[in-house]
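Labels below follow one simple rule: chain letters A, B, ... track the order of the sequence lines, proteins then strands, and each chain is numbered from 1. All values derive from a computational prediction rather than experimental measurement.
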There are 2 protein chains.
Amino acid sequence: MPTDSTERETEELTPGAQRILEVASELFYRRGIHAVGVDTIAAESGVTKRTLYNRFGSKDNLLRIYLETKDRRWRELVVDRLGSENGDPRARVLVPFTVLPEWLTESDRGCSFVNAFAELPERDHPGNRVIRAEKQWLRRFFHDRITEAGAEEGAASTLAVQLLALHEGAIVSNAIAEVPGTVRAVTEAATALVDAALA
Amino acid sequence: MPTDSTERETEELTPGAQRILEVASELFYRRGIHAVGVDTIAAESGVTKRTLYNRFGSKDNLLRIYLETKDRRWRELVVDRLGSENGDPRARVLVPFTVLPEWLTESDRGCSFVNAFAELPERDHPGNRVIRAEKQWLRRFFHDRITEAGAEEGAASTLAVQLLALHEGAIVSNAIAEVPGTVRAVTEAATALVDAALA
DNA sequence: GAGTAGGTACACAGATCTGTATATGCAAGG
DNA sequence: CCTTGCATATACAGATCTGTGTACCTACTC
């Protein structure tokens, strides 16, 4: 069985399936989920619709894999950068902000997860679960790094939520408000909040 | 001609049209724009599809009016609360945050504008314009109140962008991350940033 | 050399979408 | 009284959507 409902890793996908996933990711992100049909995805992948269904089973499943893949890439980027930030504990807290400039080069349409959330109201939809898990992961990332930096529990919880909101807002308002220097300004705010909490 | 493409005010709508607008607002917000058909909107409004088209002309136009109405209500809420906040200039800056608890009682699915933005990629779509104008308005609101509080231009611009991001993030992560106390924590962060900038 | 994996080509079912056409009912205001 | 505004009922056009059925092709592997 090459394709069951719990698709494992991107590397195990056939070349055709990888192209489908790449094209679908771009289209879902740029045009929206419901606005993109499987016919379009198949055509732009240079593949027949039959192949798409043979590889992914359904549009919903393809959507879930799209979100899981994006989630994995985001976590890898953050964790990877964390590895080369062994010095200042405060800099480690701020890694999700310092990676934003490169992350946003290919994400000028806002946050993939927030956008998908707008189109996936049902909490038990697989995609909805992935989205909420992603935000929980980031909040916990902040919380753990803040704790490592020496803050006590209460302060860490509060600061984690504040940084999460600031981070979301940076991506979203960077796309919608289109104010130059948004990322820089928001990163400064995050730095100020961290410094104040760890003072 | 009762219904041209530049519908004036909500008060001028017929009772049927008002019901349609209310139902459409709820459905667009809770289920998404593309996921809701005009048949559903008409049925839930207790109205025929013909009436919907006679009153609003098209789904796109109804969508635009939905966004404009939400925008107007938000601005009115903020400006209204600003009127009863004549004392501390810093409290005036923070009005968009202090109204959040009541605004979010009926908005647990994130920000209407951010959600709609996810489904309206084209910049020249009327709805897209409304959304971007709304964010610009809020940023300018922050900027003007900060300036009134005595900050100089550079600091006001930076702080306005920071508060805008924090504000967006509060609404979005309140809906997705579902962490209790998000609004309170974020408002504290906003207060800290304002205090630091005006020190 | 037979089987299998991956893909093509193409038609089609069945649902749903936006928008329109046509004919009718009813109540208020001139 | 009778036009006009607002709504109803119902059918339909035409497009698009997800998903399937069927038959064929090709290359690699056992």
Applying the side-chain contact (heavy atoms from CB on, under 4.5 Å) test to V130(B), which of E68(B), K70(B), H125(B) qualifies?
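Answer to the side-chain contact (heavy atoms from CB on, under 4.5 Å) test with V130(B) among E68(B), K70(B), H125(B): E68(B).
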
Atom [atom1] of [X] and atom [atom2] of [N]: how far apart are they, to the nearest Å?
{"X": "R55(B)", "N": "dT8(D)", "atom1": "CZ", "atom2": "P", "answer": "11 Å"}
{"X": "N54(A)", "N": "dA23(D)", "atom1": "CG", "atom2": "C1'", "answer": "14 Å"}
{"X": "F56(B)", "N": "dA7(D)", "atom1": "CZ", "atom2": "C1'", "answer": "14 Å"}

Which value, rounded to the nearest 0.5 Å, describes the distance between T147(B) atom OG1 and L159(B) atom CG?
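Separation between the atoms: 9.5 Å.
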
State the CG-NE2 distance between L120(B) and H34(B), to the nearest 0.5 angstrom.
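Reported to 0.5 Å precision, the distance equals 7.0 Å.
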
What's the verdict on side-chain contact (heavy atoms from CB on, under 4.5 Å) for I176(B) and S173(B), showing C-alpha distance, side-chain angles and the deciding distance?
CA-CA 5 Å; I176(B) 304 185; S173(B) 77; 5.8 Å; no

List, with names and distances, any nitrogen or oxygen atoms from the protein found under 3.5 Å away from nitrogen or oxygen atoms belonging to nucleotides 21-25 of chain C.
{"unit_1": "dA21(C)", "atom_1": "N7", "unit_2": "R50(B)", "atom_2": "NE", "d": "3.4"}

Using every non-hydrogen atom in the two residues, find where S45(B) and V23(B) come nearest and quote the distance to one decimal.
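In terms of heavy atoms, the two residues are closest at OG-CB, 3.4 Å.
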
Under the side chain to side chain donor-acceptor pair (under 3.5 Å) rule, what pairs show up with a residue in residues 79-94 of chain A, not counting sequence neighbours?
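Non-adjacent pairs meeting side chain to side chain donor-acceptor pair (under 3.5 Å): R81(A)-E102(A), R90(A)-D195(A).
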
Between the side chains of T40(A) and E44(A), is a donor N or O closer than 3.5 angstrom to an acceptor N or O?
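Side-chain D/A pair, T40(A) to E44(A): absent.
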
Does a side-chain N or O of T48(B) approach OP1 or OP2 of dT8(D) to a distance below 4.0 Å, or not?
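True: T48(B) side-chain N/O within range (under 4.0 Å) of dT8(D) OP1/OP2.
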
Can you pull every protein N or O that's under 3.5 Å from an N or O on nucleotides 13-19 of chain C?
{"unit_1": "dT18(C)", "atom_1": "OP1", "unit_2": "K59(B)", "atom_2": "NZ", "d": "2.7"}
{"unit_1": "dT18(C)", "atom_1": "OP2", "unit_2": "V38(B)", "atom_2": "N", "d": "2.8"}
{"unit_1": "dG19(C)", "atom_1": "OP2", "unit_2": "Y53(B)", "atom_2": "OH", "d": "3.1"}
{"unit_1": "dG19(C)", "atom_1": "OP2", "unit_2": "K59(B)", "atom_2": "N", "d": "3.1"}
{"unit_1": "dG19(C)", "atom_1": "N7", "unit_2": "K49(B)", "atom_2": "NZ", "d": "3.2"}
{"unit_1": "dG19(C)", "atom_1": "O6", "unit_2": "K49(B)", "atom_2": "NZ", "d": "2.2"}

Using the six-membered ring wherever Trp is involved, compare the ring planes of Y66(B) and F28(B) and label them parallel, tilted or perpendicular (cut-offs 30° and 60°).
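Rings of Y66(B) and F28(B): tilted, as their planes differ by 30° to 60°.
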
